[in-house]
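The structure appears below as structure tokens.
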Amino acid sequence: MSENLYKGSEIVCQALINEGVEVAFGIPGGAILPLYGTLNKYPEIKHILTRHEQGASHAADGYARTTGKVGVAFATSGPGSTNLITGLATAMMDSVPIVAITGQVGRAAIGTDAFQETDITGATLPVTKHNYLVMNAKDIGKTIHEAFYIARTGRPGPVLIDIPKDVFDEMSIYDYKKDSKVEILGYNTFEKIDESQLQDAAKLINNSKKPVILAGHGVIISKAQTKLLELAEKAQIPVVTTLLGISSFPEDHILFTGFPGMHGMAYASITLDEADLIIGIGSRFDDRIVGNAKRFGINSKKIHIDIDPAEIGKTIKIDAPIIGDVDTVLRLLNPKINTKTHPQWLKRVEHIKSEHPSLLIPETDRLLGQQVIKTLSDITKGQAIICTGVGQHQMWTAQHYKFINSNSWLSSGGLGTMGYEIPSAIGAQIGAPDKTIWSICGDGGFQMTIGELATVAENKLPIKYAILNNNHLGMITQWQDMFYDGERNSETYTGNPDFVKLAEAYGIKGMRVKDQNELSKAIIEANNHNGPVIIDFVIEKVDYVYPMIPAGQSVDQLIEENKSK
Amino acid sequence: MNKDTFSRRIIVALVKDNPGVLAAIVGVIRRRGINIASLAVGHSEKNQFSRMTFVVEGQEKSVANISSQLNKLIDVVEASDISDKNIVWRELALIKVSCNQSKRVELLELSKIFRVNVIDVGLNNITFEISGSDSKIDAFVELLEEFGIEELMRTGRIATLRGATKVGMKEGEFNSKHNSDIYLSKEGETGSV
């Protein structure tokens, strides 16, 4: 029997198609040219040409978060591959499934410091869930299927596959059976949930008088929003979400109690603090929420539901862990929970909310970032998919946008990657072509990946970019003023381009808003425009995000608002 | 380093014999500022799998989390912190000592007491092979110091659980074991809550 031989690059494409890949983001270069030379033969894979590899990795990230599928990025060896690293690290911190395929110098040149050679598997070890250097074409298929399995199962994450240039050209068989299962010894996806863990947790919940749910990104990744709602309603438990847990629970729900932590609502942090039981679901009790680990939640026991056992007890002591996928865990846990109300506790939470409203926008005739977000939220009725960069605009968006739909919030929560706002929206729009995407940007982060506007223009992606432009690295100004004795340095952006002219240079509709009175009209106009828009919102130069719990501190040190104003 | 938060743990890991697995493991340990006091690697009873024993030292909190973090590596089949278990461990050392004829008898007597093998005798030196607990090796090394140690090399600890319990488990047992025993045992072992 004669077997069909394929080029390594053909095997890559066939394996990607077999994994259901429809889109790949990337940019060609020397070592990956054999793959690009083959790509035309496989129209099933739509290639989106980004202008920089960081853009490709963030776009793959945005696509993955929006669709729940694995995002794919291509890059060449050397600088192409190192440019991916920020995107991989972003995805690693936020558990986003990505498979990145990089070209490598030819096998004979590896280790010789050849032109454009970087040890990218070595360099990406700490920022990938796993990576591979494939030295034979016969291993390509198996490696790609394994990589996709690793990327999307368990706690998802990025996987990088490095393929030497001559391996793309090597001929080999590709044997793929549709139903073949990937098996990796020692790799555990924790499908079997420990019954005793469920019982211990159920007992704590049923006996608790003041429970609160802390819902994280894991709820969204596991698509457990319905089960979360069921649990909260059944036992009448207030729900706070983490920053990345935003949009895991409808914000117009009576039990929704905001997001806690450094820039969260004061009432959310106080509710967490007063609770006698914190039920962490798909959250990793990160330092922006916990602050001072010794002080955090001193009044409460903790349940921690997570698929990653290494997260249990990592930052705080856990009384009842449950290891497993959130949706599966809640499916088994919810029937064990008594239908119950906590009238006194819920009344107390309502009281906390009214005592600490947290999100009052100051009365002023100048344009504030908060007003932009609030107006956008009202006009889009909380229905848009929102991307952000990192900084004040991100926090204002988290605070003032009222997210109604699940999984409608894309932000770099763990790594805090400025520059995420432009390319992640590209991936999100391609993953959800029928949805309205608003990307909220800072004037700082916007300029970090500004080249991707060409990608937006080329693909006519109708993304609405809202720049909250204060000519400052706003959060940096805030920290320098608050924690570095007002010693400001390098926080002002005096050389900003004219963003309206810049938009027009790319063939994108550009708008500028300086006045509160123009706000609604401009947002409606942009929202209805059939194509990309960049709005330059010229906002108050120096403004601070409140509430704030300074880094490493606790709810006791919560600063509710700027008293000096 | 604050004394009461300093911790020293013995970790045994069954790993795939893939290039880069050692770098991945060392990376997980290094980035947390944990020192590897010793590391021993060799083939295991399973084809294409190696077993590593390493002793790590660092802040209690980060060291306690290490075996869980290592278990996340795809090429690590299983990593266990066995410090608080009933274990046996050994270390091997080769020691080359300066020795002229007049001292040779004395040294050979000493080696008998410690049940140490002589593996090479030269005109002006003698090489011992000693295995045992690290304290036994320490004691022997201390005695030899006055003769003049030319070279000392130690493998670091290798360790296993006493009796029938195996550190590395059979493939079939793997999933159920992972779910409960190792990470979340209720006795408050290292790596647990």
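Chain identifiers are assigned alphabetically (A, B, ...) following the order of the sequence lines, protein sequences preceding nucleic acid strands; residue numbering begins at 1 within each chain.
- Here Leu125(A) contributes atom CG and Arg31(B) contributes atom CZ; the two are 11.5 Å apart, rounded to the nearest 0.5 Å.
- Heavy-atom distances place no part of Asn131(A) under 4.5 Å from chain B, backbone and side chain included.
- Taking the side chain as every heavy atom from C-beta outward, Lys16(B) and Ile184(A) approach each other to under 4.5 Å.
- Under a cut-off of 6.0 angstrom, the local environment of CG in Asp113(A) is sparse, with at most 12 non-hydrogen atoms contributed by other residues, nucleotides or ligands.
- Residues Lys129(A) and Ile74(B) come closest through the heavy atom pair O-CG1, 3.9 Å.
- Heavy atoms of other residues, nucleotides or ligands lying less than 6.0 angstrom from CD1 of Ile158(B) number 12 at most.
- The two residues Lys61(B) and Lys314(A) come nearest to each other via the heavy atoms NZ-O, 3.3 Å.
- Leu185(A) has its side chain within reach of Phe49(B): a pair of non-hydrogen atoms, C-beta onward, lies under 4.5 Å apart.
- Surrounding NZ of Lys136(B) are more than 12 heavy atoms belonging to other residues, nucleotides or ligands, all under 6.0 Å away.
- Neither the backbone nor the side chain of Thr128(A) comes within contact range of chain B, judged by heavy atoms closer than 4.5 Å.
- Under the 4.5 Å side-chain criterion, counting only non-hydrogen atoms from C-beta, His130(A) is not in contact with Leu73(B).
- The neighbour count for Arg115(B) CZ, taken as heavy atoms of other residues, nucleotides or ligands under 6.0 Å away, does not exceed 12.
- Closest non-hydrogen pair, Ala310(A) versus Lys72(B), comes out as CB-CD, 3.6 Å.
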